[in-house]
Amino acid sequence: MQSSTFSVPFVFDANTNQLSSCNQVPDYISCLNEEQRLAVETTEGPLLVLAGAGTGKTRVLVSRIAHIIATTKAKPHEILVTTFTNKAAREMKERVKDTTGPVANSLSWIGTFHALSARILRNHTSYVGLQPDFAILSAEEQVHLLKKLIESANLDEKRWPAKLLASIINEWKNKGLDEHSISNLEAQHYLFGGKAKQLYAAYQARLSEHNAVDYGDLLSLVVRIWKQDPNILAEYQSKFRYILVDEYQDTNIVQYLWLKLLAIKSKNIACVGDDDQSIYGWRGAEVTNILRFEQNFPGAKVILLKRNYRSTSNILNSASYLISHNKNRLPKDLFSDRVSSEDDEKVSVCCATSSKEEARSIGTLIELLRQKGQPYSQVAILVRTSSQMKEFEDRFISIGIPYRILGGPKFYDRAEIKDALAYFRCTVRPYDNLSFERILGTPKRGLGKATLQKMHALAKQEGYSTMEAAEAIAISSMVYPKTRASLLELINKLKKWHSLACNTPVAELSSIILDESGYIDMLKRESTPESEIRLDNLKELVRSAADYDSLSNFLESTALITGNESNPSNEDSVNIMTIHAAKGLEFDTVFLPGWEEGLFPHQRALNDKQSGLEEERRLAYVGLTRARKTAMIWFTSSRRVQGYWQASTPSRFLGELSQAHASFAAISPIQTEISHTNVYTQMHKNNLLKPGRVDSHIMSREGSPDTNNDLKVGTRVFSKTFGYGTTIKAAGHNNMKILFDTAGYKTIRNSYIEPV
DNA sequence: GAGGAATTGATTTTT
DNA sequence: TCAATTCCTC
């Protein structure tokens, strides 16, 4: 896309609330194409910008913010912008700064729905029976809490999994339903029976006891306040004169209600999104929001961005043809801005015999690309499931290709960070039971299950918090003196830190806590490379704590911000990530391995009716459109899934690529250098002309009952995948290690082989 | 309560 | 297969 660097020097004086030097015709307009300019200049009334992949969505939003500030009388703090992640919000703010100058600093309402809602909710806590310092429950804590409630309701955890209950509650909150509708949810009906409603009531009661909300509440409470009190709503309606929404296809129903209430007065709502890139349906995103925009916001203008600046026409056309197989979408006609030339390669489809070979071939290709001057960082491997990553890691380590995994374990997900935060939270809020239970046994101090059980019993009996119960036990004779002393020591430390909290700098306080708790010592004693990293992470945590003026403010920010900047190594390295994590990114070369039925589209999505398949197809579309110049799709003829070897059928999506823009058999110049990939033979062998044929008994693990349990060692057997072989030894209940005549040693399910 | 053995169960993931 | 969890023993 155009790379003009310019700056419109707006100055916003917060004292006088005046914006100066904004009467010049700003330059940001001139670098937009006609479609984009229309989207930027239509500042009044509801607007939907339907932007295909690579059409400059963010540029439109950024320019629009600049335009609104320049041409209307709106102040930056009267503009509300929602983004999908915190990271996107930061990046958007940076880009606005590049375009409008220092005025971006006054753009204070830009962030995720959750972050914005938390701010709004803090002003009206009494309205919904909360204290202003309410805590925000993380997903993990939510499951933990539900687990405990299920336990105390004497339900069998195996049959009533907390995770399932959590997903039901979340789904239902995302849909903006209230407690009366929980009984309508099909899933809870047969899984939880009448108990779900009780469990939910207990859950919500526990939340308010703890002065906490979960992520769903954050939004729905704001919606509830706005619905119930017209005065409060009116206040926000006039406060936010312009509303901009990024990634509109990923909003859920509550977020729609939220926007609708807020925008109903000014009608100045502009949403940017692409229905074809909606890949988060499984967590509540509602594509219908974008499909029905014109009905939901009467008088809406819809602008389609069709000019794609990213991909070559072969890639774009393949992707467009693929996505045209979806029924539930708004048709678009994207065209590539790139002048077709010799390096407009077709999308190539290649086959390997196993995931190992797949990784080996792709590794070789990457090395060749590198020799031809392509930096590693311009190469991405986009997988459907994270389990596919390991094969590539192994291979890359052995041949020395530097790589990085994006969207891997997040900083705040690391055990040591969570432990540290749990210590901090106990210090600040002594009634935080979850955190207290987390720190009890880390580092080891002779406190465990038995002691915890006693605390629980006492807490329940006396209505204490866990820490109060611990204190009572520490001065009673309910436990051994050794346990008592250890417990007392912990409690005294927590009390000491609590008293330090108000007049000690945050960074100092946090390092005192980590030190005195023995946590640092524990890691130092380990002295493994692993523990070195952990110590570094803790140092990093202490460093970032220094930016806050109180420990509780620091904790507040960590509840909403998950640092997903993955290891910012400056080394030129290949990017490995899931397709989900690749959303919004682009690379010169993209490898898409594992296009096989059952893996991509994923079996779980296939079981899940038509909408599941369509979302998988959108995912394929997103994957393909990440590529600028080269896209290479791979599939294998057999793959080890969950430890078992399975014959695989090429993905039905391969048959949905446009023949004119994808080459199934034609071999690109680089590929000819790989001798062991015989595309032709494999294509025939795998019956690629009829993609989508699934051998259901092979793909599904539960498909057929396990027979052949009486197989003896040394028996000759036959497998559809590997041919003839001899059993070597039993491996677990229903598996056998077999030496195949041609395929070598494999461990497979007994049901996949038959004696001959 | 700690540590080793056995069992289980495995998309995608942000706030 | 492989990691996480639970079970079992000392």
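Residue numbering restarts at 1 for every chain, and letters A, B, ... go by the order of the sequence lines. Just so it is clear, the values below take in all heavy atoms, side chains as well, and ignore hydrogens, waters and symmetry mates. All values derive from a computational prediction rather than experimental measurement.
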Contacts of type ring pair (Phe, Tyr, Trp, His ring centres under 6.0 Å), residue [X], not counting sequence neighbours:
X: A/H580; value: A/Y280, A/W282
X: A/W258; value: A/F113, A/W226
X: A/F554; value: A/Y548

Under the 3.5 Å rule, do the base of B/dT12 and the side chain of A/R283 count as making a donor-acceptor pair?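 Not at all, since no donor on one side and acceptor on the other fall under 3.5 Å apart.
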Using a cut-off of 4.0 Å on non-hydrogen atoms, how would the nucleic acid contact of A/A139 be classed: base, sugar-phosphate, or nothing?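 The residue A/A139 makes base contact.
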Is A/Q255 touching bases, backbone alone, or none of the nucleic acid, heavy atoms closer than 4.0 Å?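 No contact.
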Closest to the [X] side chain: [options]?
X: A/A581; options: B/dT11, B/dT13, B/dT15; answer: B/dT13
X: A/Y280; options: B/dT15, B/dT13, B/dT12; answer: B/dT13
X: A/E616; options: B/dT12, B/dT15, B/dT11; answer: B/dT11
X: A/A605; options: C/dT1, B/dT11, B/dT12; answer: B/dT11
X: A/H602; options: B/dT15, B/dT13, B/dT11; answer: B/dT11
X: A/T112; options: B/dT11, B/dT14, B/dT15; answer: B/dT15
X: A/S386; options: B/dT11, C/dT1, B/dT12; answer: B/dT12
X: A/T85; options: B/dT15, B/dT13, B/dT11; answer: B/dT15
X: A/T578; options: B/dT12, B/dT15, C/dT1; answer: B/dT12

Who are the side chain to side chain donor-acceptor pair (under 3.5 Å) partners of A/K583, not counting sequence neighbours?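 Side chain to side chain donor-acceptor pair (under 3.5 Å) check on A/K583 returns A/D250.
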For A/Q255, check side chain to side chain donor-acceptor pair (under 3.5 Å) against everything at least two apart and list the hits.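 Listed in chain order: nothing, the list is empty.
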Is the distance from the ring center of A/F600 to that of A/W595 below 6.0 Å?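 Between A/W595 and A/F600, which both carry aromatic rings, the centre distance is below 6.0 Å.
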How long is the straight-line distance from CG of A/D275 back to CD1 of A/I323, given to the nearest 0.5 Å?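 Between A/I323 CD1 and A/D275 CG, I get 8.0 Å after rounding to 0.5 Å.
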So which protein N/O to nucleotides 1-4 of chain B N/O distances come out below 3.5 Å?
{"from": "B/dG1", "atom 1": "OP1", "to": "A/G448", "atom 2": "N", "distance (Å)": "3.4"}
{"from": "B/dG1", "atom 1": "OP1", "to": "A/T451", "atom 2": "OG1", "distance (Å)": "3.0"}
{"from": "B/dG1", "atom 1": "OP2", "to": "A/K449", "atom 2": "N", "distance (Å)": "3.2"}
{"from": "B/dG1", "atom 1": "OP2", "to": "A/A450", "atom 2": "N", "distance (Å)": "3.0"}

Pairwise P distance, C/dT5 and B/dT12 [rounded to whole Å]: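 Their P atoms lie roughly 16 Å apart.
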